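Right, one structure below, let's go through it.
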Amino acid sequence: MKEAGIDAKILELFRSGGGFVSGESLSRLLGLSRTAVWKHVKGLRAEGYLIEAVPAKGYRLVSSPNLLTPLSLTAGLDARRIGATVVCLKQTESTNTVAFKLAQEGAAEGTVVIADQQTAGKGRLGRVWLSPAGVNLYLSVVLRPAISPVAACQLTFLSVVAVARAIESCTALAPQIKWPNDILIGGKKVAGLLNEMNAETEKVNFVVLGIGVNLNMRLAQLDESVLRHPATSLLEAGGEEVDRLDFTRTLLKELDGLYHRFLTEGEGAIRAEWLERSAMRGRRVKVNCGEREFTGRVTGVDTFGALLVELTDGTLETVLSGDVALI
Ligand code: BTN
């Protein structure tokens, strides 16, 4: 077992045991000497874990640091794919750029890159994604599904649904999805997703799912002049700070479960959930595709993620990309 794997296992044993776990049982379960166990406990303490040691009783985990580290993010998560490797950075240009580069160098499926701050966060359509330090979540995941490039758009469904579920599980807020991949609360954007792909004509080499969630940012931290749509954060919308570690662990778990479902059952059920949560279903919208603009009523999304809009004369438009606003 790798060193980090041992630390994760120790934390898991502490958590499952509840109270004290004896040094002897730790050493037996891990196949390590008592001295080696003690060294790991010291290492965990150095990372901010508060571990009590009482003679004749053993060790007890009192508290964990609220830091996003590979260990704190993955310990006890039992992920099938997503989170197999986690890279946590203090500051970077863009987690998507880092993840893309790692994927080009052969990073395994499920590799996750997280940064505390992005200096050049990328939004859709070449826009900027504001990424102040320490308050929000900036996360990218490398996936290597054996699907065609056209089907890769379906992955958007799963990241959007995973973020919506994580918000619901960590707050009392009711997120809504706005096509293609925005998440709104009370009509204001709280999260955005940017997928980037490396593919050949027939096959996807890898996809990077980029996820940005405004967790604890204050509106005063937003430069509203660079925003195209009104924005908010979970703190601003709900009035309570969100635990970044808890939120990120929840999101990784949701992503892992939904990705497994996507690979084993296809996108149908995930798309249905996407549609259920959509702020646009049945609503009248104005669509701007760059060269043309039109209005109509949203009837759904097709299997490749295109928005289906019925015009007043009954014609059905399939919108693959563009800006869509509720009327
Ligand atoms: C959008 O709504 O325009 C998409 C925003 C996507 C932002 C995330 S933050 C993590 C990842 N890294 C980036 O540079 N962008 C995505």
Side-chain angles (χ1 to χ4, degrees), residues 4 7-8 11 43-50 63-75 77 79 82-103 107 110-124 127-142 159 162-163 166-167 170-171 183 189-196 208-223 226-227 231-238 240-256:
D7 287 346
L11 292 175
L44 286 168
R45 281 180 172 165
E47 285 197 39
Y49 290 88
L50 194 59
S63 67
S64 306
N66 196 267
L67 290 178
L68 305 189
T69 65
L71 185 60
S72 65
L73 284 165
T74 55
L77 212 57
I82 293 173
T85 303
V86 177
V87 178
C88 293
L89 305 166
K90 194 113 208 73
Q91 187 194 67
T92 189
E93 241 174 80
S94 148
T95 53
N96 263 31
T97 308
V98 176
F100 204 92
K101 192 151 168 284
L102 289 176
T111 298
V112 171
V113 180
I114 295 181
D116 234 33
Q117 180 182 22
Q118 297 187 117
T119 52
K122 297 188 279 186
R124 278 177 62 236
R127 294 175 192 145
V128 171
W129 184 257
L130 293 172
S131 312
V135 281
N136 294 334
L137 177 62
Y138 318 113
L139 175 147
S140 302
V141 187
V142 176
S159 40
V163 173
I167 293 176
C170 297
T171 72
I183 299 198
K189 182 159 166 169
V190 77
L193 299 114
L194 176 69
N195 295 352
E196 297 184 274
V208 171
L209 299 186
I211 301 177
V213 189
N214 297 339
L215 298 179
N216 296 318
M217 183 164 76
R218 283 289 178 190
L219 279 188
Q221 284 175 279
L222 291 177
D223 177 358
V226 301
L227 295 176
T232 189
S233 69
L234 297 181
L235 169 62
E236 290 281 356
E240 275 175 39
E241 249 193 50
V242 175
D243 183 318
R244 278 204 313 157
L245 178 58
D246 185 39
F247 185 89
T248 312
R249 282 174 61 90
T250 307
L251 178 60
L252 290 177
K253 207 169 169 58
E254 290 294 353
L255 281 170
D256 189 61

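Keep in mind it's a predicted model, so treat the numbers as computed, not measured.
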> Does the side chain of Leu252 come within less than 4.5 Å of Leu139's, by heavy atoms?
Replying inline: yes
> Can you list every pair that meets salt bridge (Lys or Arg N to Asp or Glu O under 4.0 Å) and has a residue in residues 131-142, with sequence neighbours left out?
Replying inline: none
> Distance from Thr250 atom OG1 to Ile167 atom CD1, nearest 0.5 Å?
Replying inline: 11.5 Å
> Is any NZ, NE, NH1 or NH2 atom of the basic residue among Asp116 and Arg244 found under 4.0 Å from an Asp or Glu carboxylate oxygen of the other?
Replying inline: yes
> Which value, rounded to the nearest 0.5 Å, describes the distance between Ile114 atom CD1 and Leu73 atom CG?
Replying inline: 4.5 Å
>> If you apply the rule side chain to side chain contact (heavy atoms under 4.5 Å, CB included), what do you find for Cys170 with Leu234, and how did you get there?
In response: CA-CA 10 Å; Cys170 297; Leu234 297 181; over 6 Å; no
> Does Asp246 have any side-chain hydrogen bond (donor to acceptor under 3.5 Å, both in side chains) partners at least two apart in sequence or in another chain, and if so, which?
Replying inline: none
> Sequence neighbours excluded, which residues qualify as side-chain hydrogen bond (donor to acceptor under 3.5 Å, both in side chains) partners of Thr97?
Replying inline: Ser94, Lys122
> From Lys90 NZ over to Thr92 OG1, what is the distance, rounded to the nearest 0.5 angstrom?
Replying inline: 12.5 Å
>> Taking side chain to side chain contact (heavy atoms under 4.5 Å, CB included) as the definition, give me every residue that meets it alongside Thr74, ordered by chain and number, with sequence neighbours left out.
In response: Val86
>> To the nearest 0.5 Å, what is the distance between CZ on Arg249 and CG on Leu68?
In response: 11.0 Å
> With sequence neighbours left out, what residues match Tyr49 under side-chain hydrogen bond (donor to acceptor under 3.5 Å, both in side chains)?
Replying inline: none
>> Could you check whether any side-chain heavy atom of Trp129 comes within less than 4.5 Å of a side-chain heavy atom of Leu194, counting everything from C-beta outward?
In response: no
> Between Val112, Thr95, Leu193, Ile183, which is the residue that forms a side-chain contact (heavy atoms from CB on, under 4.5 Å) with Ile211?
Replying inline: Leu193
> Can you list the residues that meet the side-chain hydrogen bond (donor to acceptor under 3.5 Å, both in side chains) rule with Thr69, with sequence neighbours excluded?
Replying inline: Ser72
>> Closer than 3.5 angstrom, by distance alone: can the side chain of Asn136 be matched with the main-chain N or O of Leu215 as a donor-acceptor pair?
In response: yes
> At their closest point, which heavy atom of Thr232 faces which heavy atom of Ala237, and how far apart are they?
Replying inline: OG1-N, 3.8 Å
>> Would Asn214 and Leu130 count as a side chain to side chain contact (heavy atoms under 4.5 Å, CB included) here? Give the steps.
In response: CA-CA 9 Å; Asn214 297 339; Leu130 293 172; over 6 Å; no
>> Please enumerate all residues that pass side chain to side chain contact (heavy atoms under 4.5 Å, CB included) together with Ala99, with sequence neighbours excluded.
In response: Val113, Ser140, Val142, Val208
> Thr119: what forms a side chain to side chain contact (heavy atoms under 4.5 Å, CB included) with it, not counting sequence neighbours?
Replying inline: Gln91, Glu93
> With sequence neighbours left out, what residues match Asp256 under salt bridge (charged side-chain N to carboxylate O under 4.0 Å, His left out)?
Replying inline: Arg80
>> Tell me every residue that passes salt bridge (charged side-chain N to carboxylate O under 4.0 Å, His left out) with Lys253, counting only those two or more places apart in sequence or in another chain.
In response: none
> Looking only at heavy atoms, what is the nearest atom pair of Gln118 and Ser131, with distance?
Replying inline: NE2-OG, 3.0 Å
> Can you list the residues that meet the side chain to side chain contact (heavy atoms under 4.5 Å, CB included) rule with Glu241, with sequence neighbours excluded?
Replying inline: Asn216, Leu235
> Looking only at heavy atoms, what is the nearest atom pair of Ser159 and Asn195, with distance?
Replying inline: OG-OD1, 4.4 Å
> Taking the side chain from Tyr138 and the backbone from Asn96, do they hold a donor-acceptor pair closer than 3.5 Å?
Replying inline: no
> Got a sec, which residues hit ring pair (Phe, Tyr, Trp, His ring centres under 6.0 Å) with Phe100, two or more places apart in sequence or on another chain?
Replying inline: Phe206
> Would Glu236 and Arg218 count as a side chain to side chain contact (heavy atoms under 4.5 Å, CB included) if you check the C-alpha gap in whole Å, the side-chain angles of each, and the deciding distance to 0.1 Å?
Replying inline: CA-CA 6 Å; Glu236 290 281 356; Arg218 283 289 178 190; 3.3 Å; yes
> Do the non-hydrogen side-chain atoms of Leu67 and Leu245 ever get within less than 4.5 Å of each other?
Replying inline: no
